[in-house]
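The block underneath contains the structure these notes are about, expressed in structure tokens.
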Amino acid sequence: MPATIRSPQLPNRVSFREAVQDAITDRRARACVLLMDLDRFKEVNDTLGHHYGDLLLQQVATRLRRQLREGDQIARLGGDEFAILSRLSTRADAAGLAQRVADCLRGPFELEQISVDVQASVGISMFPEDADDVETLLQKADVAMYQAKSTRKDVAVYDERCDNHSPSKLALTADLRAGLQDDQIVAWYQPALDLRSGQVFSVEALVRWEHPRLGLLPPAAFLEMTEHTNLIKPLTHRVLDVALLQAATWRELGIELTMAVNVSPGVLIDEQFPSQVLDALRRAGVPPAQLKLEVTESALMSDPEVAHEVLLELSKLGIQISIDDFGTGYSSLAYLADLPVSEVKIDRSFVGRMGSRSKEGIIVNSTIDLAHNLGLRAIAEGVEELSLISDLKTLGCDAAQGFAISYPLTTGDATEWLLNLEKVPRIEGFKARVA
């Protein structure tokens with residue numbers, strides 16, 4: 001039986017819809033809708049039972065009430081989903097309220113001597129800018145909430161560019177089909193540093209779209225859209241071709257680096273993918289050992305059997321396999337130990353908040369030990385502070401990638417950076433050369 005809130009009692013979905021309708025009846029009014037759910041609530045329910053899930057929801061409701069201003073209204077829409085209606089008139093004010101909501105849930109919840117940590121993802125839609133009816137306001141707040149989840153941020157304001165169902169997104173899909181034929185897809189490159197040797201040993205190809213009308217678009221503006229269409233495969237192949245040709249160009253300049261390319265779930269379960277990768281390597285004249293394919297845990301679990309076979313075939317070709325965003329998925333250690341991988345990339349959400357006694361620091365340390373025990377290289381991503389580099393070296397981390405080493409660079413800037421490493425700011429142990 002699902003968990004229920006007994007006290008304090010909150011309005012339900014029907015009551016909330018009526019409240020929103022009343023608020024927007026005056027077309028001159030301004031308001032915002034905040035939609036949030038709890039990350040990891042299902043784990044509490046499944047692990048501890050519905051009684052503790054019930055207690056958690058009660059305490060969440062109490063904390064949320066404390067963040068409201070006079071006139072704000074809160075409701076529980078069902079499960080672990082809550083909504084807030086506020087007369088705040090600007091996106092900045094709404095985002096401020098949403099951040100306070102997220103922050104108030106950070107502290108541990110004490111559930112009958114059991115301490116539980118949860119977090120919230122909050123999506124925001126504005127009346128009348130985003131919608132002028134109840135259903136669409138809730139829908140767009142929901143889109144924003146899932147955008148917050150996908151980008152691992154606490155808060156997201158509705159952005160039409162992230163809405164796969166918007167008319168403009170449908171038009172963007174058509175533009176991308178043309179763009180794939182017109183060489184509008186390019187790659188930027190972010191180097192990775194070996195913390196033992198001080199050498200730059202790898203670069204990751206990061207997709208960008210040079211849209212003829214909208215300018216340079218980052219992955220967040222179109223990548224999720226391609227995951228829901230049949231465009232993800234041609235996009236992946238295009239990035240692979242661009243990256244491998246660049247690797248070949250760098251080899252001619254004496255720059256020997258591993259080229260890393262991300263692979264999505266839809267591509268990873270394509271049994272034809274290994275032969276297509278081999279064809280791309282032959283076209284570029286790049287040896288398989290110089291290519292590294294990065295896959296996420298979630299991609300691995302979309303179809304574990306097929307993914308395992310595809311990765312095994314790629315590994316037999318001599319291609320390196322890396323598990324990206326490690327620690328954020330739900331794959332079992334037994335499954336990971338059986339995969340033909342050479343590297344795990346510790347997710348930035350852990351690396352960015354690590355400290356000597358923090359939970360994130362413990363996770364980073366444990367992940368490094370796990371990787372080494374499995375015979376794998378551990379690379380920390382999202383390294384944005386120089387101080388983290390010495391901390392990671394102390395923990396025995398093999399490599400690091402992030403803004404502290406280099407931002408993603410255009411092809412020209414990356415080439416200049418790699419050829420002139422003596423100009424790079426000093427990092428202890430950084431020997432200003434490529435592998």
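What you are looking at is a predicted structure, and each value in this text was computed from that prediction instead of being measured.
- With sequence neighbours excluded, the residues forming a side-chain contact (heavy atoms from CB on, under 4.5 Å) with Pro218 are Ala221, listed by chain and number.
- Between Asp154 and Arg106 there is a salt bridge, since a side-chain N of the basic residue sits under 4.0 Å from a carboxylate O of the acidic one.
- Side-chain contact between Arg208 and Pro219 is present, with heavy atoms from C-beta onward closer than 4.5 Å.
- In this structure, Glu385 places its CD atom where only 12 or fewer heavy-atom neighbours from other residues, nucleotides or ligands lie under 6.0 Å away.
- At distances below 3.5 Å, at least one donor-acceptor pair connects side-chain atoms of Asp26 with backbone N or O atoms of Arg28.
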Could you walk me through whether Lys345 and Asp325 pass salt bridge (charged side-chain N to carboxylate O under 4.0 Å, His left out), step by step?
-> CA-CA 6 Å; Lys345 297 185 75 174; Asp325 300 338; over 6 Å; no
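- Contact detail for Ala120 and Leu105: the closest heavy-atom pair is CB-CD1, 3.6 Å.
- Proximity of Phe127 to Cys32: side-chain heavy atoms (C-beta onward) are nowhere separated by under 4.5 Å.
- For Val261 against Ala243, the heavy-atom pair with the smallest separation is CG2-CB, 3.9 Å.
- Using a 4.0 Å cut-off between charged nitrogen and carboxylate oxygen, Arg377 and Asp194 do not count as a salt-bridge pair.
- Cation-pi geometry between Arg63 and Phe109 is met: the NZ or CZ atom falls under 6.0 Å from the ring centre, inside 45° of the normal.
- Checked for salt-bridge contact, Arg91 and Asp130 meet the test: a charged N lies under 4.0 Å from a carboxylate O.
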Apply side chain to side chain contact (heavy atoms under 4.5 Å, CB included) to Leu339 and Ile321, showing your working.
-> CA-CA 9 Å; Leu339 289 172; Ile321 307 296; over 6 Å; no
Evaluate salt bridge (charged side-chain N to carboxylate O under 4.0 Å, His left out) for Asp241 paired with Arg238, printing each intermediate quantity in order.
-> CA-CA 5 Å; Asp241 282 336; Arg238 174 61 185 164; 5.7 Å; no
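- Atom CG of residue Leu138 and atom CE of residue Met145 lie 11.0 Å apart, to the nearest 0.5 angstrom.
- A donor-acceptor pair is defined here as one N or O able to donate and one able to accept, closer than 3.5 Å; no such pair exists between the side chain of Thr258 and the backbone of Ser202.
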Assess whether salt bridge (charged side-chain N to carboxylate O under 4.0 Å, His left out) is satisfied between Asp72 and Arg87, documenting all intermediate values.
-> CA-CA 7 Å; Asp72 291 348; Arg87 299 284 185 155; over 6 Å; no
Thr62 and Gln58: CA distance, side-chain angles, deciding distance, side chain to side chain contact (heavy atoms under 4.5 Å, CB included) verdict = CA-CA 6 Å; Thr62 299; Gln58 291 179 43; 5.7 Å; no
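- In this structure, Asn373 contributes its side chain and Asp369 its backbone to a donor-acceptor pair below 3.5 Å.
- Checked for salt-bridge contact, Asp270 and Lys233 meet the test: a charged N lies under 4.0 Å from a carboxylate O.
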For Asn262 and Leu293, run side chain to side chain contact (heavy atoms under 4.5 Å, CB included): C-alpha distance rounded to whole Å, both residues' side-chain angles, the deciding distance at 0.1 Å, then the answer.
-> CA-CA 6 Å; Asn262 293 280; Leu293 297 177; over 6 Å; no
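- There is a side-chain donor-acceptor pair under 3.5 Å between Glu204 and Gln401.
- Here the closest heavy-atom approach between residue Ala19 and residue Leu85 is recorded as O-CD2, 3.6 Å.
- Two residues are said to be in side-chain contact when any heavy atoms from C-beta on lie closer than 4.5 Å; Val33 and Val20 meet this criterion.
- Residue Glu271 qualifies as open at atom CD: its count of foreign heavy atoms under 6.0 Å is 12 or below.
- At least one side-chain heavy atom of Val277 sits under 4.5 Å from a side-chain heavy atom of Ile319.
- Here Ile84 contributes atom CD1 and Arg65 contributes atom CZ; the two are 10.5 Å apart, rounded to the nearest 0.5 Å.
- The two residues Glu294 and Ala260 have their closest heavy-atom pair at OE2-CB, 3.4 Å.
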Take Leu172 and Leu214 through the side chain to side chain contact (heavy atoms under 4.5 Å, CB included) test and state the conclusion after the steps.
-> CA-CA 10 Å; Leu172 201 60; Leu214 301 175; 3.8 Å; yes
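- Here the shortest heavy-atom pairing between Leu235 and Leu223 reads CD2-CD1, 3.7 Å.
- When side chains are defined from C-beta on, Ile362 does not count as touching Phe350, because their heavy atoms never get closer than 4.5 Å.
- Counting only distance, with no hydrogens or angles, the side chain of Ser197 and the backbone of Gln199 share a donor-acceptor pair below 3.5 Å.
- The side-chain heavy atoms of Leu206 and Tyr189, taken from C-beta on, include no pair separated by under 4.5 Å.
- Between Leu35 and Ala141, the shortest heavy-atom distance links the atoms CB-CB, 3.9 Å.
- Aromatic ring pairs are classed by plane angle as parallel below 30°, tilted from 30° to 60° and perpendicular above 60°; the pair Phe273 and His237 is tilted.
- Using a 4.5 Å heavy-atom cutoff, the side chains of Glu81 and Asp142 are in contact.
- No donor-acceptor contact under 3.5 angstrom links the side chains of Asp391 and Thr394, judged on distance only.
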